[in-house]
Amino acid sequence: MADPPQPGTADNPAAESGTNPETLPVLSLFDGVVGQKRAVGALRSAARRPVHAYLLHGPPGSGKRTAGRALAAALLCPEGGCGHCATCHRVLRGAHPDLVEIERSGAALEVDEARSIVVRAQNRPLEATRQVLVVDDVHLAGKAVPALLKTVEEPPPTTVFVLIADDTPPELATIVSRCVTIPFDPVPEHDVAAWLVGRGVDPAQARAVAGASGGRLDRAELLVGDPGFAARQEQWRAVPSRLDGSGAAAAAVAEELLAAVDEAVTPLRQQHARELVVLAEEAEAVGNKGIAGRRGIEDRHRREERRWRTDDLRFGLATLAGVYRDKVVSSTEGTQGAVSPGVTQTRQRAVRQVAAIEQATQALPRNPNESLLMDALMVVLSGMDE
Ligand SMILES: [Zn+2]
């Protein structure tokens with residue numbers, strides 16, 4: 001007898017969306033996943049016909065780990081993800097014996113860690129009909145891929161892999177091809193804002209932080225607790241009024257903005273310092289002298305701090321572009337009749353200023369010399385190049 005028709009597949013989440021609200025897993029199981037309609041639709045479809053391995057991939061702070069637990073709940077719940085039984089609740093809390101969450105201990109997922117995952121995959125489930133192995137940071141598994149591949153491709157029938165990765169570098173290609181892949185996007189700005197408001201953040205601050213979050217909930221969370229955030233935003237907004245057409249003012253503003261971007265990294269640096277303290281305590285508790293793979297962890301911290309700087313600079317430039325855009329709009333307001341040459345000139349200048357900011361923003365991924373970039377930008381914004 002043929003299988004009953006399936007309402008949707010992982011590749012075609014739209015096919016099932018909203019057609020049958022009673023279909024399990026229930027949508028509320030994914031309540032913790034913010035602004036990922038497409039991924040949630042794909043996960044719900046995928047959970048209805050479990051396969052041996054899933055790969056959830058997308059930018060940091062996009063909710064992949066939360067989604068991984070929700071998927072695990074759907075796979076372990078006797079009803080297929082009812083959202084209200086003890087199993088669902090325990091899995092969502094991370095407190096079910098058949099949910100195995102694996103995090104790397106050092107900078108990368110090492111070969112010996114991959115081997116212990118392979119051993120773990122052979123275990124029988126303790127309570128449910130299957131066990132779910134959630135493996136985090138698989139994008140850092142480069143060297144461990146060969147050790148993992150065979151088991152991910154064909155685990156015991158009672159084991160399901162949920163792999164989580166920030167991106168899918170070429171060395172991951174073989175693993176990727178063995179999984180049902182579920183892509184995650186940056187969280188839309190209005191969803192970040194609503195999420196913050198739901199956590200008690202003032203709506204105006206929530207909007208500002210969401211705009212600066214780059215679609216990352218982890219970044220939004222740190223910015224909310226960052227006492228310097230509002231002041232930095234104000235500093236960028238004040239740039240046009242600070243530029244008086246002199247080279248001295250342009251240079252001073254450029255320098256101050258970059259100092260503010262340095263300052264912006266402080267909360268992340270503090271978080272990294274706390275992480276090292278915890279790791280050192282854990283190492284001491286098991287009698288180790290130091291943190292295993294400390295250098296690699298510090299390398300990762302430096303990478304994250306660089307990325308954070310770039311994100312902050314991008315946000316500052318976007319804020320500044322907004323100020324000049326407002327000038328374009330206000331220069332054209334109430335000018336239905338004859339436009340005076342002065343208005344035309346103001347408008348043309350503002351359009352040029354916005355274009356210069358956009359050009360600077362586009363240069364950021366190429367790791368430019370930030371001082372030169374900002375100096376040159378302030379010269380253009382001052383009108384000194386005209
Ligand atoms: Zn349930």
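We count residues from 1, following the sequence as given. Start at 1 and go down the list; that is how both ligands and their atoms are numbered. As the structure is a computational prediction, the values presented were derived from the model and not from experiment.
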- Query: Can you check whether Pro78 reaches Cys85 side chain to side chain, under 4.5 Å on heavy atoms?
  - Reply: yes

- Item | More than 12 heavy atoms from other groups under 6.0 Å of CD on Glu298 | yes

- Please go through Val261's hydrophobic cluster and name the other residues, only I, L, V, M, F, W, Y counting, with side-chain heavy atoms under 4.5 Å joining them. Trp236, Val239, Leu243, Val253, Leu257, Leu258, Leu313, Leu317, Leu320, Tyr324, Val354, Ile357, Leu364, Leu373, Met374, Leu377, Met378, Leu381

- Message: Starting from Trp195 and following side-chain heavy-atom contacts under 4.5 Å between hydrophobic residues (I, L, V, M, F, W, Y), which residues can be reached?
- Response: Val34, Val187, Val192, Leu196, Val201, Val209, Leu217, Leu222, Leu223, Val224, Phe229, Val265, Leu268, Trp308, Phe315

- Number of protein N, O or S atoms [distance to the Zn ion (ligand 1) under 2.8 Å]: 4

- Residue pairs meeting salt bridge (charged side-chain N to carboxylate O under 4.0 Å, His left out), one or both in residues 117-132, sequence neighbours left out, come to Arg90-Glu127

- Query: Is any side-chain heavy atom of Ile117 less than 4.5 Å from a side-chain heavy atom of Thr151?
  - Reply: no

